[in-house]
Amino acid sequence: MNASKILEQLMQQASGQSGSASGGGGSGLDIKGVLEGLSRQLGGGAAASGQGSGSGVDVKSLLGGGAMGLLVGSKRGRKLGGKALKYGAIAGVGVLAWKAWQNSRDNSSGQGADSPAEGKPMERLGGEALEQRSLELLQAMIMAARADGHIDDQERELISGQIDALGADQELHAWIERQLQAPLDADALASQVDSPQAAREMYLISVAVVDEQNAMERAWLDQLVQALALPAEVVRELERQARDAG
């Protein structure tokens with residue numbers, strides 16, 4: 001499978017969306033263009049009407065982002081300017097998870113010494129280890145996106161199609177299809193991690209995808225915390241990193 005290639009491209013999408021959403025200088029978000037593009041993709045509908053900010057247009061309509069826009073957001077309508085969209089946490093998941101661990105130990109002075117028992121951030125992995133970590137994080141993202149129970153058949157097809165467009169091979173395509181249909185099981189997901197760092201990354205990327213104010217999604221995060229056996233102080237730091245990354 002080529003999971004690491006696909007995750008890398010999703011992280012690049014997230015990095016671009018984080019920069020756009022954070023505002024900066026003169027280049028703003030092309031709302032009209034994104035809405036028109038989404039309208040073509042979904043066959044028209046309310047999103048194309050160009051209603052003002054009071055409409056129920058969700059993040060997929062406003063931020064697009066291909067597969068990333070479909071995974072981060074939901075039908076319930078996460079609006080631009082509403083809750084923070086945590087693209088930045090996805091773009092820097094390994095580094096931020098490592099930083100959260102350091103901060104939880106009151107060690108915020110740079111990278112600090114390597115600790116083999118903690119594992120490596122995904123950005124420092126290669127080969128089979130990177131491929132396995134990428135699969136774990138992709139699965140965590142898909143499970144988190146499904147946690148509210150509202151991904152329908154059309155959304156499944158769109159997510160699968162967008163990931164295919166990034167270059168997923170046939171084996172990865174079949175794997176993604178299985179993840180979009182499989183029962184949500186936090187214990188099974190957590191059983192795949194091989195280090196505390198892998199656990200932290202899995203939780204951080206899940207936080208980045210969900211709406212913590214939605215009861216079903218918050219419940220999924222709580223199940224994942226328990227399954228991953230994450231200390232409370234690490235959980236607090238991971239959630240803070242997700243919010244701060246934007």
Side-chain angles (χ1 to χ4, degrees), residues 7 10-11 13-15 17-18 21 56-94 96-97 100 122 134-152 155-156 158-160 162-163 176 179-190 192-193 198-230 232 234-246:
L7 183 62
L10 288 173
M11 291 170 72
Q13 283 187 359
S15 179
Q17 294 299 340
S18 177
V57 177
D58 63 17
V59 67
K60 289 179 293 187
S61 304
L62 289 171
L63 293 185
M68 183 54 57
L70 290 166
L71 285 168
V72 182
S74 70
K75 281 185 171 180
R76 282 114 45 230
R78 255 179 256 182
K79 301 180 183 69
L80 186 68
K83 74 177 290 296
L85 303 171
K86 299 177 288 260
Y87 285 102
I90 297 171
V93 60
L96 292 176
M122 67 156 297
S134 298
L135 276 174
E136 294 166 6
L137 295 179
L138 283 172
Q139 187 175 12
M141 291 175 71
I142 293 171
M143 296 295 108
R146 294 178 52 211
D148 70 343
H150 286 91
I151 288 186
D152 58 24
E155 286 180 302
R156 288 190 186 96
L158 285 169
I159 291 171
S160 180
Q162 287 285 348
I163 293 177
I176 288 169
Q179 305 314 310
L180 289 168
Q181 300 287 343
L184 294 178
D185 188 333
D187 290 327
L189 182 62
Q192 301 177 67
V193 302
R200 292 188 290 265
E201 291 176 9
M202 181 173 284
Y203 184 71
L204 178 59
I205 211 163
S206 299
V207 171
V209 171
V210 304
D211 178 356
E212 298 167 68
Q213 297 179 16
N214 177 278
M216 294 176 69
E217 296 180 61
R218 182 67 251 182
W220 171 252
L221 290 181
D222 292 342
Q223 291 175 43
L224 201 53
V225 166
Q226 184 173 2
L228 292 168
L230 289 170
V234 173
V235 171
R236 286 193 296 270
E237 271 299 322
L238 288 167
E239 293 181 357
R240 187 179 72 80
Q241 291 295 331
R243 288 191 301 270
D244 291 351

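For this chain, numbers begin at 1 and follow the sequence in order.
Heavy atoms only, all atoms of each residue included: A144 and E217 are closest at O-OE1, 4.4 Å. In this structure, M122 and V93 approach most closely via the heavy-atom pair SD-CG1, 3.7 Å. Heavy atoms only, all atoms of each residue included: I90 and I205 are closest at CG1-CG1, 4.2 Å. The two residues V209 and M141 have their closest heavy-atom pair at CG1-O, 3.9 Å. Residues A242 and L204 come closest through the heavy atom pair CB-CD1, 3.8 Å. Between D185 and D187, the shortest heavy-atom contact is OD1-N, 3.1 Å.
Here the straight-line distance linking atom CG of L7 with atom CG of L137 works out to 5.5 Å at 0.5 Å rounding. To the nearest 0.5 angstrom, L228 atom CG is 8.0 Å from S206 atom OG.
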Derivation of the side chain to side chain contact (heavy atoms under 4.5 Å, CB included) call for I142 and I176: CA-CA 8 Å; I142 293 171; I176 288 169; 4.3 Å; yes
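Checked against salt bridge (charged side-chain N to carboxylate O under 4.0 Å, His left out), R240 has the following partners two or more places apart in sequence or in another chain: E237, D244. The side-chain contact (heavy atoms from CB on, under 4.5 Å) test applied to R218 returns Y203, E212, L221, D222, E239, not counting sequence neighbours. Q192 pairs by the side-chain contact (heavy atoms from CB on, under 4.5 Å) definition with Q132, E136, Q139, L189, not counting sequence neighbours. Scored by the side-chain contact (heavy atoms from CB on, under 4.5 Å) test, A186 finds W220, Q223, L224, A227 as partners (sequence neighbours excluded).
Distance alone, capped at 3.5 Å, is enough to place a donor-acceptor pair between the R146 side chain and the A182 backbone.
Considering only heavy atoms from C-beta on, V210 stays 4.5 Å or farther from N214 through its side chain.
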